[in-house]
Amino acid sequence: MRPREQEAELWRAWMLRHALYRAPSSVADLLLNLELRLREQRGFRSRVRKRAWNHHLCHAMTACFSSPFDEALCVVMDGMGEGSSTAVYSFRAGKLARLDRPSMANLASLGHFYSQLCFAAGFDPAAGEEWKMMGLAAYGTLDAGLYRILRPALMVSEGRLSFSRGYTAAIEQVQQLRRRPAMANADMAFTAQRVFEEVLFEFLIGAHRKWGGENLIFTGGCALNSSANGKILSSTPFRVLHVPMAPGDDGNAIGAALLGWQAAHPGRVPPRFSTPYLGSELAGGTLDRLRRFGLEPCFSAETDGQLADFVADALAGGAIVGLARGRAEFGHRALGTRSILADPRSPGIRDRINASVKFREEFRPFAPSILHECGPGYFQDYAASPYMERTLTWRPGCAPPGVCHVDGTGRLQSVTESANPFLYQLISAFRHRTGMPILLNTSFNVMGRPMVHDVEDAVGVFLTSDIDLLVLDDRAFRKPPRLAG
């Protein structure tokens, strides 16, 4: 098969994968039905009741009930739900009401549009590599010719997205760029990001014009685009923005649980929540298990303050720290309980972590975790970003080199004492030593692998990478002499 034919076949296969999930049933549904039938045939009566909730409603429930608002407009925008890629709700007094009308005839999708361009840039959207295109975009400039092809392809009219007649031809033309190395597509990534933002802002402005409101809740897969999120308040009439800790499909598990609770408690309002730390804790018996790897603690803390001081000393001395303590974060971002931390002042720290810890592309940036009260002094148009959900522009001369992207931005985490007491203590201790209220924060994993879940995961990353110090709960570990250096 010729290279062009192989690319075309790969493209068709990718499009097929992204069309299949629109089907109303799934393999999981079939297996569940089969299991229930087998149980009945064997004399068992199942008490399991299967309930199905609308995809976009699940997005909205997670986002609204994790928000600080009593009243807001909620916009859901993703790849595709049941028949459309967008939904608009009002949220008031703990109740959601659909405002727009779903249409089975319109399959236009900003999420799919961006995924197709991500594929054309040489990345794999099925593996969630849209992150890479967002990072690459900062290295490019606007390609005027490509912009003229892409911008008319997706239109906004009366609160709906629609494809132009030339949409397919535009995507097929861009798809040919996939054969180039990733860095050669920086201008394409920049242009794709520009088009994404313009379509998104046009949709949000139209929603505000039609339904009003100062508070915006934005969720769905498109809300994972932190670069666009950081510009929403300056580009639309909305005054305050909330993006949940898990705006993608993983967050729908919470929404479905809230809807199930609501169905079991008619007339009652589901509970509100705001913490992203909903995962599991490390299993007990940590020390005995670590001895099998030749690891003995170099420090054991009796209080969080002692541990914060010890780790802050290590960070200020140039150490890269792997931290796993407390409940894991829910969502895509490492928020200080399954994190790799470092001193952001070091000019070479980004290259070191990308090359010898994360083993990923050199253009990928790292996030700054900053004390919330210090945010306005470091970022322009600062707004709290508790879940690393938005990218903001650094004030001139304020950006530490390790966490400043090439375009002068940072995807920040605003840290408060109430949300994460230990991380707040740690950054405060680091600030006391260095004057810097910021730490470099990235997920505790290597490229292509999930965040560490248990002790074995953490030790595996620690022993096979350039991490200097491992913190598990209240103990710290250094590499055995045979592995150090």
Handout entry: Test: D304 and R325 ion pair at under 4.0 Å
Key =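 A salt bridge is present here (some side-chain N lies under 4.0 Å from a carboxylate O).
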Handout entry: Heavy-atom side-chain proximity of R352 to V357 below 4.5 angstrom
Key =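 With C-beta onward as the side chain, the pair stays apart.
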Problem - Parallel, tilted or perpendicular: ring planes of W394 versus Y378, cut at 30 and 60 degrees - result: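 Ring orientation, 0 to 90° scale: perpendicular.
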Handout entry: Value rounded to 0.5 Å, distance of CD1 in I467 from NZ in K479
Key =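 Here the rounded value is 6.5 Å.
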Practice task
Report yes or no: does N229 contribute a side-chain atom to a donor-acceptor pair with the main-chain N or O of A223 at less than 3.5 Å?
Solution key: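 Yes; judged by distance alone, with no hydrogens or angles, the pair exists.
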Handout entry: Student check: side-chain heavy atoms of R364 and M447 closer than 4.5 Å
Key =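 Side chain of R364 against side chain of M447, heavy atoms only: contact under 4.5 Å found.
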Practice task
Step by step, work out the side chain to side chain contact (heavy atoms under 4.5 Å, CB included) result for W131 and L224.
Solution key: CA-CA 9 Å; W131 318 105; L224 289 166; 3.9 Å; yes
Practice task
Please confirm whether the backbone N or O of N420 pairs with a side-chain atom of Y277, one donor and one acceptor, at under 3.5 Å?
Solution key: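 No, Y277 side chain to N420 backbone: no donor-acceptor pair under 3.5 Å.
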Practice task
Look up atom OG in S235 and atom CD in E197, then write down how far apart they are to the nearest 0.5 Å.
Solution key: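 So the OG of S235 and the CD of E197 are separated by 7.5 Å.
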Exercise for the section: Specify the closest pair of heavy atoms between L117 and M188, including all atoms of both residues, with the distance to one decimal. Expected result: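 Closest approach of L117 to M188, heavy atoms only: O-CE, 3.4 Å.
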Problem - Which atom of S227 lies closest to which atom of Q193, heavy atoms considered - result: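 The answer is CB-NE2, 3.5 Å.
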Practice task
Any pair with a residue in residues 201-214 that passes side chain to side chain donor-acceptor pair (under 3.5 Å), sequence neighbours left out, goes on the list, sorted by first then second residue, please.
Solution key: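 Found R151-E202.
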Practice task
Determine yes or no for a side-chain-to-main-chain donor-acceptor pair under 3.5 angstrom, with N252 supplying the side chain and H55 the backbone.
Solution key: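 Yes; at least one donor-acceptor contact below 3.5 Å.
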Exercise for the section: Kindly say whether A144 contributes a backbone atom to a donor-acceptor pair with the side chain of T191 at under 3.5 angstrom? Expected result: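 Between the backbone of A144 and the side chain of T191 there is no qualifying donor-acceptor contact (under 3.5 Å).
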Practice task
Given salt bridge (Lys or Arg N to Asp or Glu O under 4.0 Å), test D309 with R433 step by step and report yes or no.
Solution key: CA-CA 10 Å; D309 286 337; R433 287 155 175 77; 3.5 Å; yes
Exercise for the section: Taking the side chain as every heavy atom from C-beta outward, state whether F65 and V269 have any pair of such atoms under 4.5 Å apart. Expected result: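 They are in side-chain contact.
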Problem - Separation of R92 CZ from D70 CG (nearest 0.5 Å) - result: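 The CZ atom of R92 is 11.5 Å from CG of D70, to the nearest 0.5 Å.
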Exercise for the section: Please report the closest heavy-atom contact between P271 and L258, naming both atoms and the distance. Expected result: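 Reported closest heavy-atom pair: O-CD2, 4.0 Å.
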Problem - Separation of L423 CG from S339 OG (nearest 0.5 Å) - result: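 Reported to 0.5 Å precision, the distance equals 7.0 Å.
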Problem - Side chain D249, main chain G221, donor-acceptor under 3.5 Å - result: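 No.
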Handout entry: Any side-chain heavy-atom pair of P237 and I205 under 4.5 Å
Key =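 The answer is yes; the side chains approach within 4.5 Å.
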Practice task
Kindly say whether D454 contributes a backbone atom to a donor-acceptor pair with the side chain of E456 at under 3.5 angstrom?
Solution key: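 No, E456 side chain to D454 backbone: no donor-acceptor pair under 3.5 Å.
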Handout entry: Inter- and intrachain pairs under ring-ring contact (aromatic ring centres under 6.0 Å, His included), touching residues 417-469, at least two apart
Key =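 Residue pairs passing ring-ring contact (aromatic ring centres under 6.0 Å, His included), neighbours aside: none found.
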Handout entry: Short side-chain to backbone donor-acceptor contact, S369 and Q413, under 3.5 Å
Key =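 No, the answer is negative, given that no donor and acceptor are paired below the 3.5 Å cut-off.
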Handout entry: A476 to L469 - nearest heavy-atom pair and separation
Key =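 Closest pair (atom of A476, atom of L469, distance): CB-CD1, 4.0 Å.
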Practice task
Begin with the C-alpha distance, continue with both residues' side-chain angles, and end with the deciding distance and a verdict on side chain to side chain contact (heavy atoms under 4.5 Å, CB included) for D78 and H56.
Solution key: CA-CA 9 Å; D78 59 8; H56 284 155; 2.9 Å; yes
Problem - pair C74-H59: side-chain heavy atoms closer than 4.5 Å - result: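 The answer is no; the side chains never approach within 4.5 Å.
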Problem - Atom pair CD (E130) and CG (N225), whose distance is rounded to the nearest 0.5 Å - result: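 Answer for the CD-CG pair, E130 versus N225, is 9.5 Å.
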Problem - Counterpart residues, side chain to side chain contact (heavy atoms under 4.5 Å, CB included), relative to R395 (two or more places apart) - result: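 Residues passing side chain to side chain contact (heavy atoms under 4.5 Å, CB included) with R395: Q380, C398.
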Practice task
Apply the test side chain to side chain contact (heavy atoms under 4.5 Å, CB included) to residues R411 and M134: give CA-CA distance (whole Å), side-chain angles for both, the deciding distance (0.1 Å), then the verdict.
Solution key: CA-CA 11 Å; R411 192 193 70 208; M134 277 186 279; over 6 Å; no
Exercise for the section: Answer yes or no: are there more than 12 heavy-atom neighbours, outside R272 itself, under 6.0 Å from its atom CZ? Expected result: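 Result for CZ/R272: enclosed.
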Problem - Shortest non-hydrogen separation from P244 to S66 and the atoms involved - result: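 Scanning both residues completely, I find the closest heavy atoms to be CB-OG, 3.7 Å.
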Practice task
Please tell me if the side chains of Y139 and H405 come closer than 4.5 Å, counting only heavy atoms from C-beta onward.
Solution key: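 Side chain of Y139 against side chain of H405, heavy atoms only: contact under 4.5 Å found.
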Problem - Considering all heavy atoms, the nearest P437-R431 contact - result: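 Shortest heavy-atom contact: CB-CD, 3.8 Å.
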Handout entry: Whether S115 side chain and P125 backbone form a donor-acceptor pair below 3.5 Å
Key =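 Checking the backbone N and O of P125 against the side chain of S115, no donor-acceptor pair under 3.5 Å is found.
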Exercise for the section: Answer whether the closest heavy-atom distance between the side chains of F299 and V311 falls below 4.5 Å. Expected result: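 No, side chains not in contact.
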Exercise for the section: Using distance alone, with no hydrogens and no angle criterion, decide if Y382 and H372 have a side-chain donor and acceptor under 3.5 Å apart. Expected result: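 Judged by distance alone, the side chains do pair up.
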Problem - Any donor-acceptor N/O pair, N215 side chain to E71 backbone, under 3.5 Å - result: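 Flag set: sc N215 to bb E71 pair under 3.5 Å.
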Exercise for the section: Applying side chain to side chain contact (heavy atoms under 4.5 Å, CB included), run through R390 and F218 and close with a yes or a no. Expected result: CA-CA 12 Å; R390 70 190 82 191; F218 183 44; over 6 Å; no
Problem - Any donor-acceptor N/O pair, N185 side chain to A121 backbone, under 3.5 Å - result: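 It does hold such a pair.
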Handout entry: 4.5 Å side-chain heavy-atom contact, S234 and F201
Key =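 No, their side chains stay 4.5 Å or more apart.
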Practice task
Taking atom CG of D381 as the centre, report whether more than 12 heavy atoms of other residues, nucleotides or ligands fall under 6.0 Å from it.
Solution key: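 No - once you tally the heavy atoms of other residues, nucleotides and ligands closer than 6.0 Å, there are 12 at most.
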Exercise for the section: Look at the rings of H265 and W261 and say which category their plane angle falls in: under 30° parallel, 30 to 60° tilted, over 60° perpendicular. Expected result: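 Plane angle under 30°, so parallel.
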Exercise for the section: Can you measure from CG (L295) to CG (L463) and round to the nearest 0.5 angstrom? Expected result: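 With rounding to 0.5 Å, CG (L295) is 5.5 Å from CG (L463).
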